[in-house]
Amino acid sequence: MAGKGFTVKKDWDNPIEHPMPARARVPAEMRIGPVLVAPATVLAPMAGVTDTVFRRFIRHASLFTAMNSDPSAQNSGLTSETGENWEGKADKEGKADKEDKAISIETAVTNAQSGCGLLMTEFTSADGLARMRESKRRRYLTFYDDEHPIGAQLFGSNAETLAEAARIVEDTGFDTVDLNLGCPAKRVVGCNGGSGLLRDLPRIGEIFRAVRKAVDIPFTVKFRMGWNDKQIVCVELARMAEGEGLNSVALHARTREQGYSGQAQWQWIAAVKQAVQIPVVGNGDIRTPEDAAAMIAETGCDAVMIGRAAPANPWIFRQIAQYTATGAYDKPTVEDRYRMIRTYFRMLLSEAEATRELPRSDRMGETAGKMKQFATWFTHGVPGGARLRAAIYHARTGAEVLDQVEQFFAARSVEDSNSAAAGVEEESSAYPEGALVCD
């Protein structure tokens, strides 16, 4: 059983190293009703993580553009072993030129617009959404045009309240609405939300019917296998979802009792896929492009959903798209990580500035605290990263955090590259202790 409160584990239990399957690839696309998800990759909804800044960051970090060998194009970007450089988000002046140089990919394996096909919001309380004033709703449901397609995830246990919250989601302009039946956190389960509802299938059926009747946009559900190993309900639940008109299902292949421990049991994703005709999204233990392809090969699922790996490796969607298109993928350098940390932190500061005039309850949130939280993930694999995290811990403002980042990497740039390479520290892909993330 997972730890107190089901906070996300700092790493995976004995992660399985999957070789890249000989033939399987993440599909080029999936359709959720009329919504095209291309490629068939989804950013998992994660509380405290997938706000609008992180979603937009992932969307642009995932843009897949090859730069060929034009020396004028060799600016900042992810460096491959073959020496080709490319960057996720093109600047305005070079955008058209970079689009012209986009790698030619066959339709069957195209990554379409980016390496992440569908973004998801943090899970949001339907009760809170239905009660809160309009200005506060904007804080929770804010998104930008470049985030489409995007889905909003709701949790709760009252069918009428969830239906009303779904209508708000639709009116706000989201492409899909999703029901959370997977969160294992005690404070959510205690209200009979999240995975707590897995013990009450009749009520889930009532919710399905109420929400489906309330909205025209695609309605989806994300759930776990069941409450525990003796109460596996995922196949029955998927059939119920299909029967009530839902457009797709996503299975995190663990029980509520497991939390985030142990191995995800992918065979249940395969069982769900065999049981229904609507699209099935697989979730659980995808850390690498190899894992994503292996899940497709082993389960036949229509798309993969990635949670914990995304904050530690924001390039994972781009890497999956790269592998699909070329048979290989790049790994980030220390310089890439510096640019990534700096870009994301600047986005946080910019968003905080944009909401500064709003009432405190309607602002984006405490920027310095979020920057410290993300520093643990973003410095994974950076030599000397522990020193940076220690320095950031003592910063009091977002500007001070960014200054510590600049100082750290400026100092690193003057170190001898050979000694730095020899001293690369091995760090686990980590979530800070106490972070509530429901993926």
Side-chain angles (χ1 to χ4, degrees), residues 1-10 13 44-50 120-132 140 151-166 177-208 210-211 219-238 240-241 246 249-265 268 272 281 283-285 305 307-308 431-439:
M1 198 166 180
K4 182 179 178 181
F6 289 107
T7 54
V8 169
K9 294 168 63 65
K10 296 187 74 173
D13 291 339
M46 294 179 280
V49 178
T50 54
M120 298 290 290
T121 67
E122 303 172 75
F123 76 140
T124 302
S125 165
D127 293 308
L129 195 61
R131 291 195 306 264
M132 68 180 60
Y140 287 93
Q153 189 184 71
L154 303 172
F155 77 93
S157 58
N158 182 277
E160 292 182 1
T161 304
L162 279 160
E164 175 59 25
V177 61
D178 186 74
L179 175 65
N180 181 308
L181 298 180
C183 181
K186 289 182 179 179
R187 71 188 191 205
V188 175
V189 172
C191 300
N192 208 26
S195 57
L197 278 170
L198 295 175
R199 298 168 294 181
D200 192 349
L201 293 186
R203 180 176 292 195
I204 291 176
E206 293 175 7
I207 292 171
F208 283 171
V211 175
F219 175 29
T220 65
V221 61
K222 183 173 186 286
F223 51 92
R224 285 176 175 247
M225 292 155 41
W227 182 256
N228 54 36
D229 286 337
K230 296 180 180 179
Q231 297 175 292
I232 303 297
V233 299
C234 55
V235 172
E236 182 180 358
L237 181 52
M240 181 190 302
L246 274 71
V249 297
L251 175 61
H252 180 167
R254 287 184 171 89
T255 64
R256 189 270 172 178
E257 189 175 69
Q258 273 187 275
Y260 297 91
S261 64
Q263 303 291 339
Q265 301 176 58
W268 286 105
V272 167
V281 181
N283 177 225
D285 290 353
M305 178 180 284
R308 282 184 287 171
Y431 273 75
E433 297 288 358
L436 172 61
V437 182
C438 297
D439 65 333

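Within the 4.5 Å cutoff, the side chain of C183 has no heavy atoms near those of the H252 side chain. At a threshold of 4.5 Å between non-hydrogen side-chain atoms, the residues E122 and V49 do not count as touching. Put simply, the side chain of N192 reaches to within 4.5 Å of the side chain of R199, judged on heavy atoms. A heavy-atom distance below 4.5 Å is found between the side chains of M305 and K222. A 4.5 Å side-chain heavy-atom check between R224 and T255 finds every atom pair outside the cut-off. Counting only heavy atoms from C-beta outward, the side chains of F155 and C191 never approach each other to under 4.5 Å.
A distance-only check finds no donor-acceptor pair linking the side chain of Q265 to the backbone of A253 [under 3.5 Å]. Side-chain atoms of R254 come within 3.5 Å of backbone N or O of S261 as a donor-acceptor pair. The backbone N or O of V221 sits less than 3.5 Å from a side-chain atom of D178, completing a donor-acceptor pair.
In terms of heavy atoms, D285 sits closest to A264 at OD2-N, 2.9 Å. Closest approach of V249 to A241, counting heavy atoms only: CG1-CB, 3.8 Å. Nearest heavy-atom pair, A130 versus T161, reported as atom, atom and distance to 0.1 Å: CB-CG2, 4.2 Å. Of all heavy-atom pairs spanning V188 and F123, the tightest one is CG2-CE1, 3.8 Å.
Tested against F223, the residues I204, L179, N283, L181 include a single side-chain contact (heavy atoms from CB on, under 4.5 Å) partner, L181. Results of the side-chain contact (heavy atoms from CB on, under 4.5 Å) test with L237 over L201, L197, I232 single out L201 as the only residue that passes.
With rounding to the nearest 0.5 Å, the separation of CG in N228 from OG in S195 is 11.0 Å. Distance check: Q258 CD to D229 CG gives 6.0 Å after rounding to the nearest 0.5 Å. Rounding to the nearest 0.5 Å gives a distance of 10.0 Å between CG of L162 and CG of L129. I207 CD1 to D200 CG: the interatomic distance, rounded to the nearest 0.5 Å, is 8.0 Å. Atom CG of D127 and atom OG of S157 lie 6.5 Å apart (nearest 0.5 Å). We find the OG1-CE distance between T121 and M46 to be 11.5 Å, quoted to the nearest 0.5 Å.
Between F219 and F208, the ring planes lie perpendicular to each other; the angle is over 60°, past the 30° to 60° tilted range.
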